[in-house]
Peer 1: 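Before I ask anything, let me first share the structure, which is written out below as structure tokens.
What you see below is based on every heavy atom in this structure, not just the backbone, and it leaves out hydrogens, waters and symmetry mates. Numbers restart at 1 for each chain; the letters A, B, ... are given by sequence-line order, proteins then strands. Quick caveat, the model's predicted, so the values are computed rather than measured.
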Protein chains: 4
Amino acid sequence: MNDYSFIFVSDVCLKEISMKNNKPKYKLIIEAAVDVIAENGYHASQVSKIAKKAGVADGTIYLYFKNKEDILVSVFEEKMGQFIEQIAAATSQKETASEKLLTLISMHFGQLAANHHLAIVTQLELRQSNLSLRQQINRILKPYLGVIDGIIKEGIDENLFRSDINIPLIRQMIFGTLDETVTNWVMNEEKYDLVGLAPAVHDLITKGIKAS
Amino acid sequence: MNDYSFIFVSDVCLKEISMKNNKPKYKLIIEAAVDVIAENGYHASQVSKIAKKAGVADGTIYLYFKNKEDILVSVFEEKMGQFIEQIAAATSQKETASEKLLTLISMHFGQLAANHHLAIVTQLELRQSNLSLRQQINRILKPYLGVIDGIIKEGIDENLFRSDINIPLIRQMIFGTLDETVTNWVMNEEKYDLVGLAPAVHDLITKGIKAS
Amino acid sequence: MNDYSFIFVSDVCLKEISMKNNKPKYKLIIEAAVDVIAENGYHASQVSKIAKKAGVADGTIYLYFKNKEDILVSVFEEKMGQFIEQIAAATSQKETASEKLLTLISMHFGQLAANHHLAIVTQLELRQSNLSLRQQINRILKPYLGVIDGIIKEGIDENLFRSDINIPLIRQMIFGTLDETVTNWVMNEEKYDLVGLAPAVHDLITKGIKAS
Amino acid sequence: MNDYSFIFVSDVCLKEISMKNNKPKYKLIIEAAVDVIAENGYHASQVSKIAKKAGVADGTIYLYFKNKEDILVSVFEEKMGQFIEQIAAATSQKETASEKLLTLISMHFGQLAANHHLAIVTQLELRQSNLSLRQQINRILKPYLGVIDGIIKEGIDENLFRSDINIPLIRQMIFGTLDETVTNWVMNEEKYDLVGLAPAVHDLITKGIKAS
DNA sequence: TATGAATGAGCCTTCATTCAT
DNA sequence: AATGAATGAAGGCTCATTCAT
């Protein structure tokens, strides 16, 4: 994947550029939705508020999105897409599975720490949704879990990670730990340095809590 | 904690007895709320539906609860109270921190596996709430996190667990892993044996993922 | 039927009284709906406008009616019920089928001429409805068509009316003629004496247009 | 009327030819409107749906029609124009008023029976309209009522029909009977032979329901 | 204590119409 | 003449909460 990373990144840029040129309102609405949801919370985010923030008419929203839920799914899809691409690209540059894992943790923390609104939306607001939306979010999350699974498999192949525990369980531990850590950080009003926790979390995940 | 467990349990019993005798409708409403939310989901759980299930008038709800949110908080408070008490009591009977941790994991999984409705409500429905409710839920969760912290501290004192990582981080890993594992199990329609995963999860948490 | 007419009327009165005592808002809303629809037309009759006219809250409407369409159906049901009862009672007092037919025509014209708003609603506004509503209206109209059929049958038995044409066709002619006559009268702003037309219409229906 | 029929028909043809050549989209939209309304019902017939069916852009509609109501009026105008022309032409070929009346009834039934969509639109959908549209429809219907009046007058002159009842009343009976009969047939899903009823209806109208 | 009828604020979505291209 | 993206007003309905009984 290293060899293609140049093209990969170009491709993303092209996609982004064409997106912004062809569907400027789509992007406007997505960005407005992130801000409005982060500022007002999920339930107080009326479609009209998002439209106003995006500078379009209420009805215009429905030219680009099926309904209100579709706005939320699309927000997550767009943002998570970028999120995952960045992490996938960065981890692919690293050699060992352990380095890849550290990169993943650092970037997971880094990207959310760098985007206050996005962190609130993904960790708090987007979870206030019904089962149908949750399932769509899970679908979108799949590729990210796939990246984690890939790193675990590589680690097992390299004999860095143990092979006696099933991968889904390991993945649940990793994702659960990261997610819980970020949520705690958000709910504590982001008072401390989240990214700085990455090495310790990596250490904890790989070595566990047992004394040597 | 062992020393006080007698008093602790007595206190609980007294509270329970007085509750059930003096405020039978309070309990009725709590139980009805769990069922209604589990069956219909958070957003389709109107106050009137809970009242009907509880066999009381809509207005009666407001004699026992400040508002709808208060019902939800109370549901979590009541159920989590029992949940934590059970686990605290059981872990206190064990000798080593490692045994206590395994007990905690087994019971965490066991109690939710034994109560289908409660599992749905705590893992899925109760999260569809606003920030204020989330913060109250966190407050209620505090004692449980305290139990986990206690075990970690004991483990460090016994030199079973490492002391070079701060306790909140370890706690986040433990709770995050358990929570993510249960949520996955619920969202997979509880198809597999959750309690059976306890030893593997315990192993993973204590030893990490690094090959010996 | 003559013998029971006393009881029949009493029964109606009792029903009316109990109705008005037990569900005063139901009646209020029905009456308000007739007025609002007659004044504003079907599509400009917002639920909120009906509620305001009835002196109740918008939400109260939905305690008595399933939805907006249900208000309309109920209006027709209530008013048509009285309409039919009156005509059934009056025709039953007459001896011959011909007299009964004249009574029916006179009262059909008379009741609508006496109630300006009701005439507008039944002849114009209620027809602006979808198939489902139209079918419900037809169902409500059935008893009235049954009264007409009864008179035709009696007339045939008495050898007053011809028996060589099927009854539905005769009924369609009678109802179609009456309905068209009333609609024309309403659309001509009720400029002429509708009831005065009754004998001529009766004559026309019974004898046809052929010269002696 | 016979004398002028040549000019009348020529005029129609000229109008038709110039229409079809100069404004092809006008016709396209009219035909699309009939189909869309018949298939979807009046209220579900959005302008955009008609435009799509006609193969033109939404905005194009407004180059040919003032507004949505204008489309509907024009549909009725076009279709009713043909309807009336056909009947006027055919009746003018008959000798006696009685024959003309039978022809009118047969063709009224025949044309609607031959055009399923048109029957639904005229008998059911177009009636779901506001007073203003209803009045325009009545204006369009005038020439047809004129044809009926003409036949009645001829019949009276020929001493075939009675002269002791005013013509509007007779016309209302005739039109009301025909309309009611067709509407019943449409609402009964056109299960029986409508045209076959023509002689019996003619008989009923001319002779009335009185036995010999 | 308990009732439940009544309240009324609040919002997502549709769709006829416009206008810059 | 033709397009179709954009507009934005408008309204049916829900449901947490109240209060007279």
Peer 1: Rounded off to whole Å, could you give me the CD-to-P distance for the B:Gln46 and F:dT17 pair?
Peer 2: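 Atom CD in B:Gln46 sits about 13 Å away from atom P in F:dT17.
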
Peer 1: Does C:Leu72 reach the side chain of C:Ile37, with side-chain heavy atoms less than 4.5 Å apart?
Peer 2: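 Yes, their side chains come closer than 4.5 Å.
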
Peer 1: The side chain of A:Ala57 is closest to which nucleotide in this list: E:dT13, F:dG8, F:dA16?
Peer 2: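 Nucleotide nearest to A:Ala57's side chain: F:dG8.
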
Peer 1: So, OP1 or OP2 of E:dT3: does either fall under 4.0 Å of a side-chain N or O from B:Thr60?
Peer 2: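 Answer is yes, contact under 4.0 Å.
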
Peer 1: Taking the six-membered ring of C:Tyr42 as reference, does the cationic atom of C:Lys68 (NZ for Lys, CZ for Arg) lie under 6.0 Å from its centre and within 45° of its axis?
Peer 2: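 Yes, a cation-pi geometry holds between C:Lys68 and C:Tyr42.
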
Peer 1: Quick one: which of E:dG4, E:dT7, E:dT17 gets closest to the side chain of B:Asp58?
Peer 2: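 Between E:dG4, E:dT7, E:dT17, the one nearest the side chain of B:Asp58 would be E:dG4.
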
Peer 1: Less than 4.0 Å between a side-chain N and a carboxylate O, is that true for D:Lys49 and D:Glu39?
Peer 2: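 Not counted as a salt bridge, because no side-chain N and carboxylate O are separated by less than 4.0 Å.
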
Peer 1: Rounded to the nearest angstrom, tell me the gap between atom CG in C:Leu63 and atom P in E:dG4.
Peer 2: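 Rounding to the nearest Å, CG of C:Leu63 and P of E:dG4 are 14 Å apart.
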
Peer 1: Here's a test for you: under side-chain contact (heavy atoms from CB on, under 4.5 Å), which of D:Val73, D:Ile140, D:Val34, D:Ile30 qualifies with D:Glu78?
Peer 2: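 Testing D:Glu78 for a side-chain contact (heavy atoms from CB on, under 4.5 Å) against D:Val73, D:Ile140, D:Val34, D:Ile30 leaves exactly one candidate, D:Ile30.
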
Peer 1: Starting at the 5' end of DNA chain E, which residue's closest nucleotide do you reach first, A:Lys66 or B:Val56?
Peer 2: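 Between the two, 5'-proximity favours B:Val56.
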
Peer 1: Would you indicate, yes or no, if F:dA6 has its OP1 or OP2 atom less than 4.0 angstrom from a side-chain nitrogen or oxygen of A:Tyr62?
Peer 2: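 No, outside the criterion.
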
Peer 1: On DNA chain F, check which nucleotide each of B:Ala44 and A:Gly59 is closest to and give me the residue with the more 5' one.
Peer 2: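 Per heavy-atom nearest nucleotide, the more 5' residue is A:Gly59.
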
Peer 1: To the nearest Å, give me how far apart NZ (C:Lys52) and C1' (F:dG11) are.
Peer 2: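 Those two atoms, NZ and C1', are 15 Å apart.
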
Peer 1: To the nearest Å, give me how far apart CG (A:Leu28) and C1' (F:dA5) are.
Peer 2: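 Atom CG in A:Leu28 sits about 15 Å away from atom C1' in F:dA5.
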
Peer 1: Under 4.0 Å from OP1 or OP2 of F:dA1: is there any side-chain N or O of D:Lys25 that close?
Peer 2: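 D:Lys25 to F:dA1 OP1/OP2: no side-chain N or O under 4.0 Å.
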
Peer 1: Under a 4.5 Å cut-off applied to non-hydrogen side-chain atoms, are B:His43 and A:His43 in contact?
Peer 2: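 Yes. Closest side-chain heavy atoms under 4.5 Å.
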
Peer 1: Roughly, in whole Å, what's the span from CG in C:Asn40 to P in F:dA10?
Peer 2: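 Interatomic distance, CG of C:Asn40 to P of F:dA10: 15 Å.
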
Peer 1: I want to confirm an ordering. Mapping C:Gly55 and D:Asn67 to their closest nucleotides on DNA chain E, which one lands closer to the 5' end?
Peer 2: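 On the 5' side of the pair lies C:Gly55.
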
Peer 1: What integer distance in Å separates A:Ile29:CD1 from F:dT7:P?
Peer 2: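 Result: 9 Å.
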
Peer 1: What integer distance in Å separates A:His43:NE2 from F:dC15:C1'?
Peer 2: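 For the pair A:His43 NE2 and F:dC15 C1', the rounded distance is 14 Å.
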
Peer 1: Quick one: look up who F:dA20 pairs with, Watson-Crick or G-U, both distances under 3.5 Å, and put none if it's unpaired.
Peer 2: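 Checking every strand shown, F:dA20 finds its partner in E:dT3, with both distances under 3.5 Å.
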
Peer 1: How many Å lie between OH on B:Tyr42 and P on F:dC15, as a whole number?
Peer 2: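 Going from B:Tyr42 (OH) to F:dC15 (P), I get 13 Å.
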
